[in-house]
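What follows is one structure encoded as structure tokens, with my remarks underneath.
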Amino acid sequence: MNKEIKKITGSEAIVLSLLEEGTEIMFGYPGGAIMPVYDAMYNYQDKLHHVLTRHEQGAIHAAQGYARVTGKVGVCMATSGPGATNLVTGLADAMIDSTPIIAITGQVGAHLLGTDAFQETDVVGISMPVTKWNIQVTKPEDIAPAIAKAFYIARTGRPGPVLVDITKNAQFGMCEFSYEKCNYIRSYVPRPTIDEHKLTEAAKLINAAQKPMVLVGQGVILGNAEDDFKAFIQKSGIPFAWTILGASVMPVDHPLNVGMLGMHGNYGPNIKQNECDLLIAIGMRFDDRVTGDLSRYAKQAKVIHMDIDPSEINKNVKATVAILGNVKETLPLLTRLIEKKEHTSWRAEFDACMKVEQEKVIKHDLFPEKQGLTMGEVLRRVNERTDGDAILVTDVGQHQMIGSRYFKYKNKRSFITSGGLGTMGFGLPAAMGAKMGAPDKQVILMVGDGGIQMTIQELGTIKQTEIPVKIILLNNNFLGMVRQWQELFFDKRYSMTKLINPDFQKIAEAYDLNHSKVTSRDLLDKAIEEMLASDKAYLLEVVVEKEDNVFPMVPTGASVSEVLLEAAK
């Protein structure tokens with residue numbers, strides 16, 4: 001039976017299209033070229049919850065946080081010109097981190113395109129390198145098909161951001177509206193055909209391996225394949241390490257979990273990549289922060305690479321066997337073909353490495369002998385009071401590495417951060433979106449004094465929308481990660497990294513936030529308990545050591561075997 005066709009404005013067609021795709025929450029900021037859509041939204045406020053952020057970058061990062069927690073497509077909206085260009089950082093972040101986002105931007109009327117009209121910017125041209133797909137719509141009748149196509153592309157295959165730029169005349173114009181969801185685009189193949197011969201080859205390598213190691217990334221999370229991954233590792237008995245975006249694939253206390261990969265990852269997973277005989281990469285892309293110097297990376301090992309994106313295969317590391325497909329489909333097939341093993345002696349080598357790291361690094365991070373507070377002990381106290389049943393969002397910097405290393409993940413999709421782009425300012429708006437996507441969860445933001453000031457205006461969104469996110473501001477009056485590099489590699493020449501900060505407590509008070517400040521260890525527990533008990537947003541500022549470094553560390557250009565456990569004496 002055909003759907004009823006009715007005639008409406010292009011603006012209303014946008015709103016109805018979003019509702020047809022199940023959009024419940026969107027983030028945005030109005031302006032002249034998108035005003036007709038905001039007018040149309042006035043009649044749908046009971047169905048579509050719009051969150052007015054204080055900056056367009058805040059809108060897209062909030063949409064990212066929402067998408068990462070829920071697995072749904074995040075939606076944001078902005079006007080033309082500066083409104084649209086303010087989305088570009090978030091688009092780039094979502095692109096490299098494979099986050100499904102729909103960004104809708106207004107544009108000047110079609111008759112003004114190319115005339116340098118007021119607030120006209122070629123956002124399609126600007127955003128082309130940082131979107132999975134983009135389109136400019138100039139006719140009202142093309143709006144619904146474009147949005148349907150946008151959602152299909154954003155959520156299928158390797159997810160990513162899509163931008164739909166809609167001219168003002170298309171928003172005002174009338175069209176007959178009926179909505180058909182998109183499920184096919186010629187020449188777009190989001191689900192590669194699975195090659196069963198490759199699965200057989202991979203199984204033979206796994207069954208013959210004496211020292212195999214699994215590297216797991218966000219692809220398992222995006223494919224909703226956590227249970228399939230668990231079945232695979234438990235049958236294979238292979239130790240697994242995770243990328244920063246693969247955090248929370250499995251609980252941190254799983255016996256086969258040997259820690260995080262990367263520049264500030266755990267000691268064992270880093271060095272064992274150059275000692276194993278088989279690397280099994282599942283839903284990860286061999287980022288340079290994982291591999292270190294590629295010319296000295298895993299040359300002794302055979303490599304199985306499982307990914308949905310064919311462009312990632314052999315891009316950085318040559319695969320012995322490549323298995324294309326969604327790991328939700330390929331992992332169960334591979335699990336059936338492998339033998340059940342334990343790899344007890346091989347796993348013991350990781351345990352030995354962890355003992356070294358525990359003595360050299362971890363005990364000093366979590367149970368410091370210093371007079372001042374450390375980032376690690378703050379997170380340890382949070383862990384003790386949440387028991388891993390929380391969502392941690394971080395900004396970018398030293399606290400991000402501490403958070404990813406030490407947060408006690410128990411549930412899937414419980415760690416949200418900017419991975420590939422490393423966007424300072426991501427944390428605060430992403431935490432807002434995460435809390436709106438998971439209202440029943442405790443959402444905790446760890447942020448530095450540098451990062452929070454990049455999007456601090458979003459405290460206004462928290463005030464207006466009453467989003468009860470808990471903010472732990474770790475204040476060392478430095479751009480901490482850059483300062484660490486200056487200390488270790490630039491002879492302590494601290495050039496332009498010291499921060500003269502505002503009184504964050506007064507700022508919190510101005511935004512009507514519950515708040516407190518901790519400068520000594522004896523006050524920390526009580527402050528954390530008060531923060532977590534609050535049913536409203538809370539800003540907890542903790543003054544931490546100024547020259548507290550994050551180890552282990554693989555210096556840029558070094559091999560993963562050259563990981564440092566402490567600064568050179």
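Given the structure is predicted, the values throughout are model-derived calculations rather than measurements.
For Asp93 (side chain) and Leu421 (main-chain N/O), no donor-acceptor pair under 3.5 Å exists by modelled atom type. Side-chain N or O atoms of Arg413 include one that pairs as donor or acceptor with a backbone N or O of Ile221 at under 3.5 Å. In this structure, Lys235 contributes its side chain and Ile338 its backbone to a donor-acceptor pair below 3.5 Å. Formation of a donor-acceptor pair under 3.5 Å by the Asn475 side chain with backbone atoms of Asp449 is not found in this model. Proximity of a side-chain donor or acceptor of Gln300 to a complementary backbone N or O of Cys276 within less than 3.5 Å is detected. Ser534 places a side-chain N or O within 3.5 Å of a backbone atom of Lys536 that can act as its donor or acceptor partner. Between the side chain of Arg347 and the main chain of Ile238, no donor-acceptor pair closer than 3.5 Å is present.
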Phe407 vs Phe415, ring-ring contact (aromatic ring centres under 6.0 Å, His included): CA-CA, chis, key distance, verdict: CA-CA 9 Å; Phe407 187 60; Phe415 182 68; 7.4 Å; no

As a quick check of understanding, evaluate ring-ring contact (aromatic ring centres under 6.0 Å, His included) for Phe286 and His305, giving each step before the final call. CA-CA 10 Å; Phe286 287 111; His305 195 173; 5.1 Å; yes

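The environment of Lys328 atom NZ is dense: over 12 non-hydrogen atoms of other residues, nucleotides or ligands sit within 6.0 angstrom. By the 6.0 Å contact criterion, NZ on Lys526 is open, its count of non-hydrogen atoms from other residues, nucleotides or ligands being 12 or less. Annotation for Lys341: atom NZ counts as buried by contact number, over 12 foreign heavy atoms lying within 6.0 Å. Heavy atoms of other residues, nucleotides or ligands lying less than 6.0 angstrom from CG of Asp227 number 12 at most.
For Asp97 and Thr99, the side-chain atoms include no donor-acceptor pair closer than 3.5 Å. Between the side chains of His264 and Gln398, not a single donor N or O lies within less than 3.5 Å of an accepting N or O. Side-chain atoms of Arg483 and Thr497 form no donor-acceptor pair, as typed in the model, at a separation below 3.5 Å. No side-chain N or O of Asp277 forms a donor-acceptor pair with one of Gln210 less than 3.5 Å apart. A donor atom on one side chain and an acceptor atom on the other are not found under 3.5 Å apart for Thr291 and Asn316. Using modelled atom types and a 3.5 Å distance limit, the side chains of Asn501 and Gln453 yield a donor-acceptor pair. Side chains of Asp548 and Thr374: a donor-acceptor N/O pair is absent below 3.5 angstrom, by distance only.
The pair Lys360-Glu566 counts as a salt bridge, with a side-chain nitrogen and a carboxylate oxygen less than 4.0 angstrom apart. Checked for salt-bridge contact, Asp309 and Arg285 miss the test: no charged N lies under 4.0 Å from a carboxylate O. In this structure, Glu377 pairs ionically with Arg381, as a charged nitrogen and a carboxylate oxygen lie closer than 4.0 Å.
With a 4.5 Å cut-off on side-chain heavy atoms, Ile452 and Asp395 do not count as touching. Using a 4.5 Å cut-off on side-chain heavy atoms (C-beta onward), Ile402 and Val550 make contact. Contact check for Leu245 versus Arg68: side-chain heavy atoms found under the 4.5 Å cut-off.
Separation of atoms CD (Glu342) and CG (Leu256) is listed at 8.5 Å; rounding is to 0.5 Å.
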